[in-house]
K.L.:
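There's a structure below that I have some questions on.
For clarity, every value in this text was computed on a predicted model and none was experimentally measured.
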Amino acid sequence: RTRGSGDFTSGPNTVPLGRLSWALNDGVAWTPYTTVNATITTGVSTSGAAVNLDLKVRLDAADVVAVGYTTNTIYEVI
């Protein structure tokens, strides 16, 4: 499962976390990040099995240009 820690920030500037989305490696169904855990995939764990994620972020022309926007993305294997 995965989730974000909160909006992207750079000093007083922010970009909403929901502008970052993920999809399984086919990139068909995009899911916006939130601070609530989202299940990436389910099933039986197989040693050495890879789960590839595509990530994309959408920026708008109105977003403040700043250096060092950060957020944390959390991935948990349960």
K.L.:
For the pair Ser10 (side chain) and Val67 (backbone), establish whether a donor and an acceptor sit closer than 3.5 Å, ignoring hydrogens and angles.
P.N.:
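Pair found, side chain donor or acceptor close to backbone of Val67.
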K.L.:
Applying salt bridge (charged side-chain N to carboxylate O under 4.0 Å, His left out) to Asp54 and Lys56, what does each step give before you reach the verdict?
P.N.:
CA-CA 7 Å; Asp54 293 330; Lys56 70 177 179 179; over 6 Å; no
K.L.:
Is the side chain of Thr34 donor-acceptor paired with the backbone N or O of Val36 at a distance under 3.5 Å, no angle test?
P.N.:
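Yes, the answer is positive, given that a donor and an acceptor are paired below the 3.5 Å cut-off.
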K.L.:
After noting the C-alpha distance and the side-chain angles of Thr70 and Thr9, does the key distance pass the side chain to side chain contact (heavy atoms under 4.5 Å, CB included) rule?
P.N.:
CA-CA 5 Å; Thr70 60; Thr9 59; 4.1 Å; yes
K.L.:
Backbone N or O of Trp30 within a donor-acceptor pair of the Ser21 side chain at under 3.5 Å?
P.N.:
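Looks like no, no N/O pair under 3.5 Å.
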K.L.:
Before you tell me yes or no, could you show the steps for Glu76 and Thr2 under side chain to side chain contact (heavy atoms under 4.5 Å, CB included), namely the whole-Å CA-CA distance, both residues' side-chain angles and the distance that decides it to 0.1 Å?
P.N.:
CA-CA 6 Å; Glu76 297 176 318; Thr2 187; over 6 Å; no
K.L.:
Which atom names give the shortest non-hydrogen contact between Arg3 and Asn37, and what distance separates them?
P.N.:
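Minimum heavy-atom separation between Arg3 and Asn37: CD-OD1, 3.0 Å.
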K.L.:
Let's go through Asp63 and Arg19 carefully: what are the C-alpha distance in whole Å and the side-chain angles of both, what is the deciding distance for salt bridge (charged side-chain N to carboxylate O under 4.0 Å, His left out) to 0.1 Å, and is it a yes or a no?
P.N.:
CA-CA 12 Å; Asp63 292 331; Arg19 302 248 197 99; 2.7 Å; yes
K.L.:
Tracing side-chain links under 4.5 Å among I, L, V, M, F, W and Y, which residues wind up in one group with Leu17?
P.N.:
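Joined to Leu17, directly or through intermediates: Phe8, Val15, Leu20, Trp22, Leu24, Tyr33, Ile40, Val51, Leu53, Leu55, Val57, Leu59, Val64, Tyr69, Tyr75.
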K.L.:
Testing the basics here: between Pro32 and Gly18, what is the closest heavy-atom pair and its distance to 0.1 Å?
P.N.:
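Closest approach of Pro32 to Gly18, heavy atoms only: CB-O, 3.5 Å.
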K.L.:
Determine the minimum heavy-atom distance between Ile74 and Ser5, stating which atoms define it.
P.N.:
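So the two residues come closest at CD1-N, 4.1 Å.
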